[in-house]
Amino acid sequence: MSLETTPLGRERAGLDSCVHCGFCLPACPTYLALEDENDSPRGRLVLMGALLDGTVERDDPVVREHLDKCLGCRGCETACPSGVPYGRLLEAARETITVDRPLPLVARVVLAVFARPVLLRPALAFARAARALGLPAIAVHLLPRRLAMPFAMLASTGRAKAGTDLSDSRAAASHPPPGAHRGTASLLTGCVMEGLFTGVNRATERVLAVNGWRMRAAAGQTCCGALHAHAGDADTARALARRNIAAFEAGGADVVVMNSAGCGAMCKEYGHLLAGDPAWAPRAAAFAARVRDVHELLAEAGPRPTSGAGGVRVAYDAPCHLQHAQRVVAPAQAVLGALRHVELVALADSDQCCGSAGIFNLVQPDVAERVLAPKLARIAESGAEVVATGNPGCLMQIGGGLVLDGRRVVTRHPVELLDEGYARGLGPG
Amino acid sequence: MRETPSFPRVTTSAFPTVADPAAPPAPVDVRALAGALAGIVGPSHVLTRDASLLVYRSDGLPGLARDPALAVFPGSRDELVAVMRALAAVGAPFVARGAGTGLSGGALADGVTLLGLHRLKRILAIDAEARTATVEPGVVNASLTKAVAPFGLHYAPDPSSQTACTIGGNIAENAGGPHCLKYGVTLNHVLRATIVLPDGTVIPLDRGDDGGYDLLGAFVGSEGCFGVVADVTVRLTPDPERVITLLADFTSVRAAADATSRIIAAGILPAALELMDQATIEAVESSIYAAGYPRDAAAVLLIEVDGAAAGLEEDAAAVETECRGAGARGVRVARDATERARLWQGRKKAFGAMGRVSPHLAVQDAVVPRTQLADVLEEIQVIGARHGLRVCNVFHAGDGNLHPNIPYDAGDPEQSRHVHQAMREIMARCIAAGGTITGEHGVGLDKLPYMDALLTAETLDAMCTLRDVFDPERRSNPGKVVPVRACKEWHGAASVRGGQA
Amino acid sequence: MSDQPRNVRELAGLVRDAATRSAATRDAGLRIEGAGTWMDSGHPVRAGVTLSVGAMRGIVAYTPADLTITVDAATTLAELDAATREHGQWCPLLPWGDDRGTVGATVATATAGPFAESLGRPRDLVLGVEAVDGMGRVLGAGGRVVKNVAGFDLTRAITGSWGTLAVIARLHLRLRSRPAVDESWAMVMDDARDTPGGVSRNDPGAALREFSRGPHAPLAMLDLAREDAAALALPAGTRALVRIGGNGAFVAASRAALQSTAGATAVAVEPATWDRVRTRLAPGDRALTWRWDALSRRLRERFDPARVLNPGLLGEEG
């Protein structure tokens, strides 16, 4: 059966641009951890090519296994000299094989919940309640490591923040932005972000305000659909995308700002996602063009620095979906540079994936753990007290690993650190 | 998908000490072998399914593919030795493979066992005082440099694939790289090695400096036909005190080639001297590695001088003078490490960048005496034009090491035929110029057809003899480097046998 | 009995004849000679015939801008030096011994010299070889290009094999430009160090070793025994000899470093001093202890199955 008309078949040109050079191998966390090229970008591209050529069948378990094991971190894209659009190919391939083989049960349940606010909100509320009661921390102590990880991740989102001030920068109001305001922005509040990282969302709004952005709400927005797209459920992803596009059009802000790297990468891809839908394609492209990560917005004119010198030791870990998928590198450095009230320490291999990757750590816990292990080791070597990273999955994956290891190091979003710094006072310049 | 694995029969052997050539090894029972190997390395590190083996059909040269019968990935030295002995016990041929970045089809296993060494990636020792490091074969070239950087040292051989290729593979191919103009190729940086011979014997090898044959020198560059590296001790090079990188911009390829000769003749030994022609510049500048090369230049030279700070600016000035003397339109000096890295990034990713030009890429690797560069390059363009092909040149000009690459569509049989024919003509031209058919990529499968044109039958036969010293059963990477038919009985030797001890 | 072939074909014929004769006589072995001065390994060569390649001598091809040269085996080091000097180049083989020795013998024995560390050893400098193995096969490996990985490396096997795998007929060698400025310095050490039991506050030897590992690494640095100074007509108290080369600014910096070495005084000497050094300080002949492991035996056996090339030279029967 020809697959030329499938999502993968339509991406054939991208597949053909691979010259098999192998430069992607050392950039791939699953290849480094599992040591089989089938678990590398080159291997997966070969399998995708074999699908199209009919060399292997769509239901071949080898194909499914190795595509499932991909984190989708897209670290390979920044290592690839040929510009292979790996992320798009992966989603297309997953969508193509999912036609025949449904997703694993756990994935289906999670994705179904995320697609339905009516289910997701109570679930997250329950999680918050459990967190407030300290239940996850108890579970971590009682359960074997592998089962404890989800609880550790939840526990990590509510940990006390070492050496930093828990109070937010309500003082922001007393720091009016310099000069004219830069424009209006609506935040994609997100599902996990608003559910478990409410503080990060509020901090994002305050920090942007301090830097001259006027925030506007965008009612009716929903989950970005990244988890669904990565898993091959493109139809649900498209449905969610349409709702978001409509919501932010109605909101009318100049830019749509993201503080979750994974959501940002997805929203910037809406144009591609809906390219086959004539009614929505132009709207999707226009929407995608308005999407900015919070680091990008802040870096446009600064950001304004915090005051002080030295302080808590902070290491930055670049979220894959910020560094590799969105290629946002310098703005993140600019934000770190504004954190005068902390001491920045180097983190080796900070461009390597932590193993979070959406719901990957739920469906491939073993692989996720093996990818996380070197990350935790590098964090320990760095001497950091705080790991800053701008993506909820990474915050929880690294945070959960630190909880399981009994380490005192905590994870924070960079805008939280900025927010706390502003609360103490603005720096010169 | 694949026929029953066929194991090459050892049909010829030069000397009677070799197992009776009339008796081929018993056919290998793949399933039993896989079971035995799984017992050594664990079942997850033995691949036997057709789909799982697909990615291992090719190395960095996707135009060539062969189906391995199975793949095995030992994770420790003990496992490696046990695997080699298990293979020897049943007379199974095998092909060692590192990261699969080679560009000659050298790591293709045609119906035999593919032995992946990429899991052997430990750096065993770093001796900063003696400036040596001992590593396992699967250590990635660039990761060794990264590991020794805190000591102000680096591993000098720097093939363009250095971020991915392994030291073991570098040894098999005697890999070069831009900086081997000054610092020498892999051979010049390998001090000692422990190897596993195809029969499973583990032996130390050195260069024979204390009274012995240069067995290690013979082993380096043997393309996996002599055995497998278990560990290797390499020389580390102190980081230069200062580096100056220049980009010279020419309106003709001939002028750039002339500048190369002038620089060398002026007695300057740059660390690197690389030429990229217009087609290559275009590919690089269109990729994410856009390096800021002038798109309208017919060719650029990327030149680096390094060493002590004292005198380096004089060298750089002399380089600039020679470039301008040869007609350079402009010479730019990288202002800082960032710009330098950017200029190099474009060069090192050039092969991959050509991937976007067309679906397939024919990669060549010939060497000519440096003074022949300009003439040969011009004729390569003529040959390309005659076949309706575009030739992209990106190469180590200082060494005379050409890399004419032809982007094409392998799905087009007519174009493929032209590519094949053009490559033959280019090779013939390089041989006629007193050159050779490969400077650093190796012969592998890809260049086998040219060996007869380059070397005499007697020399090819002697190369088979050298191989037989290490691998008398010819089980290690069978069918590579020397055309099998060349390994014939040397007729003059017939009468010699009686005199043998 | 002595044979003197004029070219590689004649050479091959003679070796082939010897291999054929070896079945019938014990005296078929060939003692391979160039200038005939070097081949003492401390082991007797059991050969009935001396095979001299002395007639195969001279520069075959030399394009200076290629920085390579092709010479016949019996070309002397002096001839090689003269031919290349003219073009501001040299072949840095510069082995221990004098320049009457042949290029072929230098390569056959892989004899290095005081410049090996900086300029390369014979094993690094030989680009290709034309040779005749023990069965009379004419082998041509490598060539006039500086990079070459076409086929198995016969050149490396033959270099340093003392003529026991093949008789070298012709060589392709890598050349280098001579340094624009080339200075040699005798390092005269303060007396305090040489006083029996005396301890100097300075350790100029250590300082020089550090210098030679640093960015201003010299072309050569040689520690000298006290008696060497007189034998080499160097200033009294010279305990190290250093040669520095490069462009003017580099050499000036190197010189300044040498002159500031605490506990030593740098005295300029002629570069020709190094010719005396190579001759007078050449390590004496001593019995060569060859590593005869299984691979080495097999190598010898496969390339010279009749044992006609320098039999006994490497003590293989001992």
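So that the names make sense, note that chain A is the first sequence line, chain B the second, and so on, each numbered from 1. Just so we're clear, the structure is a prediction, and the values are computed from it rather than from any experiment.
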Toward chain C, the part of B/R131 with a non-hydrogen atom under 4.5 Å: side chain
Contacting region of B/H396 [heavy-atom separation from chain C under 4.5 Å]: side chain
Region of B/F470 in contact with chain C, defined by heavy-atom distances below 4.5 Å: both
B/D471-B/S476 side chain donor-acceptor pair, cut-off 3.5 Å: no
Residues B/R474, B/D468: salt bridge by 4.0 Å N-O rule: yes
Contacting region of B/D306 [heavy-atom separation from chain C under 4.5 Å]: neither
Check: B/T201/B/D199 side-chain N/O donor and acceptor closer than 3.5 Å: yes
Under 4.5 Å from a heavy atom of chain B, the part of C/R213 involved: both
Contact leader toward chain B among C/D153, C/D124, C/L299, where contacts are heavy-atom pairs under 4.5 Å: C/L299
Region of B/L187 in contact with chain C, defined by heavy-atom distances below 4.5 Å: side chain
Portion of B/T456 that has a non-hydrogen atom of chain C nearer than 4.5 angstrom: side chain
C/R300 with C/D304: basic N within carboxylate O range, under 4.0 Å: yes
Residue pair B/T465 / C/R137, side-chain donor-acceptor N/O under 3.5 Å: yes
Segment of B/E313 engaging chain C (4.5 angstrom heavy-atom cut-off): neither
Heavy-atom proximity to chain C below 4.5 Å, by part of B/V185: side chain
Distance-only polar pair, side chains of B/D365 and B/T438, donor-acceptor under 3.5 Å: yes
Near-ring test B/H189/B/Y183, centroid separation under 6.0 angstrom: no
Side chain, backbone, both or neither of B/L197 within contact of chain C (heavy atoms, under 4.5 Å): side chain
Engaged part of C/S296 at the chain B interface, taking heavy atoms whose separation is under 4.5 Å: both
Chain C contact via B/L455 - side chain, backbone, both or neither, heavy atoms under 4.5 Å: side chain
Between C/W292 and B/Y213, ring centroids under 6.0 Å: yes
Residue B/A433 versus chain C: region with a heavy atom under 4.5 Å: backbone
Criterion side-chain contact (heavy atoms from CB on, under 4.5 Å) on C/L139 and C/D133, from CA distance to verdict: CA-CA 7 Å; C/L139 324 176; C/D133 77 358; 4.1 Å; yes
Greatest number of heavy atom pairs closer than 4.5 Å to chain C - which of B/D315, B/L454, B/I203, B/I437: B/D315
Which portion of B/D399 sits near chain C, non-hydrogen atoms under 4.5 angstrom: both
Salt bridge C/R291-B/D210, side-chain N to carboxylate O under 4.0 Å: no
Side chain / backbone / both / neither for B/E440 at chain C, heavy atoms under 4.5 Å: both
